[in-house]
Amino acid sequence: MANARGRLMIEGAAATALARRFGTPLYVYSQAALRGRWEALRQAFQAPGFLLCYAIKANSNPAICRLLARWGTGAEVVSGGELLLALHSGFKPSQIVFSGVGKTREEMRAGLRAGILTFNVESEEELALLSRTAKALGRRAPVSIRVNPAIAVASHPHIATARAGSKFGVSPREALRLALKAAKSPGLRFLGLHGHLGSQIFAAAPYERESRLLISLSRELKARGVAITIADFGGGFGAEEPGRREFPLDRVSSVLRRAARAFPGLTTIIEPGRYLTAEAGTLLTTLLYRKTVLGRRLLIVDAGMNDFLRPALYGARHEIIPANPRPGPRTPADVVGPVCESTDVFGRGRRLPPVKPGDVLAVLNAGAYGFSMGSNYNSRPRPAEVLVDGRDIRLIRPREALSELLDWRRCKSP
Ligand SMILES: Cc1ncc(COP(=O)(O)O)c(C=O)c1O
C-alpha cells in the first residue's frame with residue numbers, strides 16, 4: 001500500500017491526492033483488493049454446489065455490489081431495501097437469500113415476486129405469515145429455517161449472533177419442529193437450514209461445531225421423511241485487525257466441504273460480508289486540531305463516529321497511519337472525531353509520527369460496516385466514496401450535500 005517514499009498509495013492513486021481532489025472524510029476502495037478477496041473465496045470453495053452469497057449490509061455501495069454481481073456472486077439481504085439494491089445491482093434472484101428476524105409482509109411479497117432462492121425464517125409466526133402471503137399470491141414460498149446453534153465465538157458480544165440470549169434464529173429443537181411444519185404446509189416449499197455464528201471469527205472450530213449440528217439436524221429430518229437441499233453456514237469470516245491472526249480460510253473451507261459431502265446434491269451457502277470488503281476500504285480523514293487535555297494528547301480529525309461507527313459500537317481496532325508520514329519520533333495520541341459523544345474515538349494511545357493540522361490520516365480496513373453503518377448524527381452529511389482500479393479513479397457516491405440533509409420541505413412545521 002505504501003510507495004518507496006512511505007506515502008500511502010491506493011493502487012495507482014496517492015491518498016493525499018485523493019483527499020485533495022474529493023475532500024475528506026472520504027472512503028476509498030481498491031478494486032484489486034476486492035477482487036483478491038473474492039478470488040481467495042472462489043478458490044477455497046471451488047466445489048460443486050457451493051454458492052457464495054455476499055452479505056450486502058457490509059458495504060452497500062451500488063458500484064461495489066455491481067462488481068460482485070458481475071463476478072457471479074449471490075447475495076444475502078436483510079431488508080426490502082437491500083433486496084431492491086441487490087436486484088438493481090444485477091444479482092440473480094435465484095442466488096439471493098433473505099435473512100432477518102423481522103421481515104414484513106411487504107418485504108415477503110417483494111421477495112416472492114422477485115423469485116429469490118430462499119427466505120431464512122426465524123420464528124413460527126414469521127413462517128405462518130410467509131405461508132399466508134405466498135398463498136395470497138398463488139405461490140409457494142421457498143423456506144430455510146435459521147437455527148441458533150448456541151455456539152460461543154471469541155468476538156465482541158455485539159457481533160456474536162449465535163449465543164444463548166441472542167435474538168437470532170430458533171433453538172435446534174424448534175428448528176426441527178418448524179422444518180417439519182414447513183414441509184407439510186401448502187404455502188411453503190421447505191429447502192433447508194441456515195446458521196450464522198457472528199462476525200470477526202478467526203477459528204475453524206465454531207464452523208466445525210455448526211456443521212456437526214446442521215448435519216445431525218438434517219439426519220433427524222431425513223429419518224422423518226424430509227430432505228434438505230440447502231445448508232447455509234452464514235458469514236463471519238474474520239478480516240484483518242491489529243493483533244489478530246489471519247482467518248483460516250483453508251481449514252474452514254475443508255470443514256464445510258466435508259459437511260457438504262454428507263449430502264449429495266446439496267447447495268451449500270456461505271454469506272461472508274466483511275471478509276470480502278473490509279480490507280479493500282480506507283477511510284481518509286484530515287487532522288483538524290491537536291491539544292492536550294489533562295495529560296492526554298488528542299488529535300481531532302474531521303471524520304466522526306457517524307461516518308465510521310465500528311470503534312465506538314464494538315470497540316473495533318483499526319490501524320491509523322498518516323498518509324504522508326513526516327520524519328520524527330512517534331508519540332502516543334488519541335485519535336478522536338468531532339461528534340459530541342465521548343465514544344467518538346477511533347483509537348487510543350496510537351503511536352504516530354509527528355502530524356500537523358491539515359495532514360491526512362488513513363483508517364485502514366474500513367471497507368466493511370463503514371459507510372453502510374453511517375448516519376447523519378450531529379446533522380453531519382455523509383462522506384463521499386471513491387473506487388480505484390489501477391490508475392482509474394471513479395467517484396461512486398458523491399458527498400451528501402447539506403441541502404439534501406436539511407430538506408425542510410419534507411419536515412412539516414407543527
Ligand atoms: C445472517 C447473516 N449472514 C451474514 C452476515 C455477514 O457477516 P460478516 O460480515 O461478518 O461475514 C451477517 C452479519 O450480520 C448476518 O447477519
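All ligand and atom numbering here is 1-based and tracks the order in the structure.
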Student: Return yes when Gly236 approaches ligand 1 closer than 4.0 angstrom through a heavy atom, no otherwise.
Tutor: yes

Student: Any idea which atoms of ligand 1 are less than 4.0 Å away from a heavy-atom of Arg146?
Tutor: 1 (C)

Student: Using a strict cut-off of 4.0 Å, indicate which atoms of ligand 1 neighbour a heavy atom of Ala55.
Tutor: 4 (C), 5 (C), 6 (C)

Student: Using non-hydrogen atoms of the residue, decide whether Pro272 is closer than 4.0 angstrom to ligand 1.
Tutor: yes

Student: Spell out, as yes or no, whether a donor-acceptor pair under 3.5 Å connects the side chain of Thr277 to the backbone of Gly367.
Tutor: yes

Student: When you measure from the side chain of Arg257 to the backbone of Ala44, do you find a donor-acceptor pair of N or O atoms at a distance under 3.5 Å?
Tutor: yes

Student: With atoms numbered from 1 as shown, which atoms in ligand 1 lie under 4.0 angstrom from a non-hydrogen atom of Gly273?
Tutor: 8 (P), 9 (O), 11 (O)

Student: Ignoring hydrogens and angles, tell me if any N or O in the side chain of Tyr27 forms a donor-acceptor pair with the backbone of Leu387 under 3.5 Å.
Tutor: no

Student: Could you pull out the closest heavy-atom pair between Thr133 and Leu129, with the gap in Å?
Tutor: OG1-O, 2.6 Å

Student: Taking all non-hydrogen atoms of both residues, which atom of Ser99 and which atom of Asn120 are closest, and how far apart?
Tutor: OG-ND2, 3.1 Å

Student: We want to know whether Tyr377 and Glu341 form a side-chain donor-acceptor pair, criterion being a heavy-atom distance below 3.5 angstrom.
Tutor: yes

Student: Return yes or no for this condition: an N or O of Ser199 is under 3.5 Å from an N or O of ligand 1.
Tutor: yes

Student: Would you mind checking if Lys181 and Glu124 are paired as a salt bridge, meaning a charged N to carboxylate O distance below 4.0 Å?
Tutor: yes

Student: Just which atoms of ligand 1 are under 4.0 Å from any heavy atom in Arg274?
Tutor: 8 (P), 9 (O), 11 (O)

Student: Pull out every atom of ligand 1 sitting under 4.0 Å from any heavy atom of Gly235, numbered as shown with elements.
Tutor: 4 (C), 11 (O)

Student: Could you tell me which atoms of ligand 1, counted from 1 in the order shown, lie closer than 4.0 angstrom to a heavy atom of Glu271?
Tutor: 1 (C), 2 (C), 3 (N), 4 (C), 5 (C), 6 (C), 11 (O)

Student: Please list, in number order, the atoms of ligand 1 under 4.0 Å from a heavy atom of Lys57.
Tutor: 2 (C), 5 (C), 12 (C), 13 (C), 14 (O), 15 (C), 16 (O)

Student: Please state which option from Tyr369, Phe168, Phe233, Tyr54 has its nearest heavy atom closest to atom 7 (O) of ligand 1.
Tutor: Tyr369

Student: Tell me whether Glu76 contacts the main-chain N or O of Cys53 through its side chain, where contact means a donor paired with an acceptor under 3.5 Å.
Tutor: no

